[in-house]
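Heads up, the thing below is written out as structure tokens.
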Amino acid sequence: MVVGGAGYVGSTSVETLIGAGHDVVVYDNLSTGHLASVADPVAFVHGNIGDRTRLEGVLRDKAIDAVLHCAARSLVGESMTDPGLYYRNNVAGGVALLEAMQAAGVTRLVFSSSAAVYGEPRRVPIAEADRTEPINPYGATKLAFEGAMRWFAAAHDFRAISLRYFNVAGATERNGEDHEPETHLIPIVLRVAASEATHVQIFGQDYPTPDGTAIRDFIHVRDMGSAHLLALEATGEGEPSLEVYNLGSAAGFSVREVVEAARKVTGRAIPARVVKRRLGDPPVLVASSRRARRELGWQPQHSKLEEILADAWTWRTAHPRGYARPEPSEVAAPADGDRPEAERVQRQASASA
Ligand SMILES: NC(=O)c1ccc[n+]([C@@H]2O[C@H](COP(=O)([O-])OP(=O)(O)OC[C@H]3O[C@@H](n4cnc5c(N)ncnc54)[C@H](O)[C@@H]3O)[C@@H](O)[C@H]2O)c1
């Protein structure tokens, strides 16, 4: 079961899991995800992660043997102004999932954690054993849930893996990134390339980096899919434990390099303007993924910047409005059997309840 499987990372990982021959159930409340990203033969259950009883029922009814948990609120700024939303969704919701798994006898779990657990790193590349000191509620809730996983592993024989992602980008043919608001660099740059915004804002050009702009680590979403598959397989053996792995490329690209590469890939001008640094933006955030490579056998295949950008651009140009349906003015009045999205979700929800 992929919780949050209608979202960006979840939906693309579902493709990898289906490709590897697994049966997949997606459990999602569609708060930021898209029903259109869930396709046959995947079963969809419309539900909230905080609904422990519902989760337990689905885990039993669908005979689930492992869970990939990608559901979260994940906007740093929003977490600063509404921490309750983040603790309720990312921590309390996560604990409801753990309890439902325990009750249903499901003990294999892979979790989408984040580089935000490290806060401002003391050294780069960042390794898993480095100090974790989040500087926002988003990172704090990811770390808190890792703690819950660790104690469930000890008390209830869970075999759990937490994957700390750095920046995920790119797309598959079917699924891509469609967030509102969008806060990730690559889709923002491509919005400018598509003339949906006038320019890219570069936050600070006075960092101690070769071109003065901040450096970040990007992984192709396809490579996240293979990491999830390997991690899920790894939970099938061994002692109860929580293992933690960074997922990044160890390379890192500056914001200017990303904009420049996007100009080449798209053939568009992509105007950029330098503005002041943002508070809490470290100069360099790059992961050491040696542990994931060594222990999980993970080998990113698609994470060259040009490939990430080219795939994201291809998806974007094929889906200019993301997953959005046509504007009401562009479609005829609904006929029988042609129901609005919300109603369709409701029907699917009751069908799978
Ligand atoms: N995208 C990145 O670069 C990145 C980087 C680091 C960590 N992560 C983590 O990876 C995970 C997936 O990120 P994403 O970019 O795909 O986000 P996303 O918003 O596209 O996907 C999250 C999915 O979870 C669902 N969801 C949220 N709250 C829920 C709830 N209470 N009950 C049921 N479903 C719920 C949403 O509807 C959505 O489908 C998140 O946990 C995020 O924190 C992502």
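From a predicted model like this one, the values you see are computed outputs, not experimental measurements. Each ligand, and each atom within it, is numbered from 1 in the order the structure gives.
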Please state which option from [options] has its nearest heavy atom closest to [atom].
atom: atom 39 (O) of ligand 1; options: D28, I186, N29; result: D28
atom: atom 42 (C) of ligand 1; options: Y165, Y138, F166; result: Y138
atom: atom 40 (C) of ligand 1; options: S113, S11, G10, C70; result: C70

Electrostatic pair [X]:[Y] at N-O distance under 4.0 angstrom:
X: R277; Y: D206; result: yes
X: R150; Y: E146; result: no
X: E180; Y: R191; result: yes
X: R222; Y: E173; result: yes
X: E306; Y: K264; result: no

Quick one: [atom1] on [X] to [atom2] on [Y], what's the gap to the nearest 0.5 Å?
X: I49; Y: R88; atom1: CD1; atom2: CZ; answer: 13.0 Å
X: T132; Y: E128; atom1: OG1; atom2: CD; answer: 12.0 Å
X: Y86; Y: T81; atom1: OH; atom2: OG1; answer: 8.0 Å
X: L17; Y: T12; atom1: CG; atom2: OG1; answer: 9.5 Å

If the cut-off is 4.0 Å to any non-hydrogen atom of [X], which atoms of ligand 1 fall inside it?
X: G33; answer: 36 (C), 37 (O), 38 (C), 39 (O)
X: I49; answer: 30 (C), 31 (N), 32 (N), 33 (C)
X: A71; answer: 24 (O), 26 (N), 34 (N), 35 (C)
X: L30; answer: 37 (O)
X: S74; answer: 42 (C), 43 (O)

**Item:** Backbone or side-chain N or O of V3 under 3.5 Å from ligand 1 N or O
**Value:**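 In fact, backbone or side chain, V3 has no N or O that close.
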**Request:** Looking only at distances, please establish whether an N/O atom of ligand 1 is found under 3.5 Å from an N/O atom of N48.
**Result:**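 So ligand 1 has an N or O lying under 3.5 Å from an N or O of N48.
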**Asked** H220 and E307: side-chain donor and acceptor closer than 3.5 Å?
**Response**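 The answer is no; no qualifying pair exists.
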Close approach of [X] to ligand 1, heavy atoms, under 4.0 angstrom:
X: G5; value: no
X: G47; value: yes
X: A6; value: yes

Under 4.0 Å, heavy atoms only, figure out whether ligand 1 is touched by the backbone of [X], its side chain, both or neither.
X: S31; answer: both
X: E177; answer: neither
X: H179; answer: side chain
X: K142; answer: side chain

**Request:** Name the orientation class of the two ring planes belonging to F145 and H69 (parallel below 30°, tilted from 30 to 60°, perpendicular beyond 60°).
**Result:**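 Rings of F145 and H69: perpendicular, as their planes differ by over 60°.
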**Prompt:** H319 vs Y323 aromatic rings, parallel, tilted or perpendicular, using cut-offs 30° and 60°?
**Reply:**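 Ring orientation of H319 relative to Y323: tilted.
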**Asked** So, for H228 and Y165, is the gap between ring centers shorter than 6.0 Å?
**Response**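 Ring centres of Y165 and H228 closer than 6.0 Å.
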May I ask you to identify the nearest protein heavy atom to [atom], giving residue, atom name and distance to one decimal place in Å?
atom: atom 13 (O) of ligand 1; answer: V9 CG2, 4.0 Å
atom: atom 36 (C) of ligand 1; answer: T32 OG1, 3.2 Å
atom: atom 2 (C) of ligand 1; answer: V168 CG2, 3.7 Å
atom: atom 31 (N) of ligand 1; answer: N89 OD1, 2.8 Å
atom: atom 21 (O) of ligand 1; answer: G7 CA, 3.4 Å
atom: atom 1 (N) of ligand 1; answer: H184 CE1, 3.6 Å

**Asked** Just wondering, do L59 and M101 contact through their side chains at under 4.5 Å, heavy atoms?
**Response**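 Of all side-chain heavy-atom pairs linking L59 with M101, at least one is under 4.5 Å.
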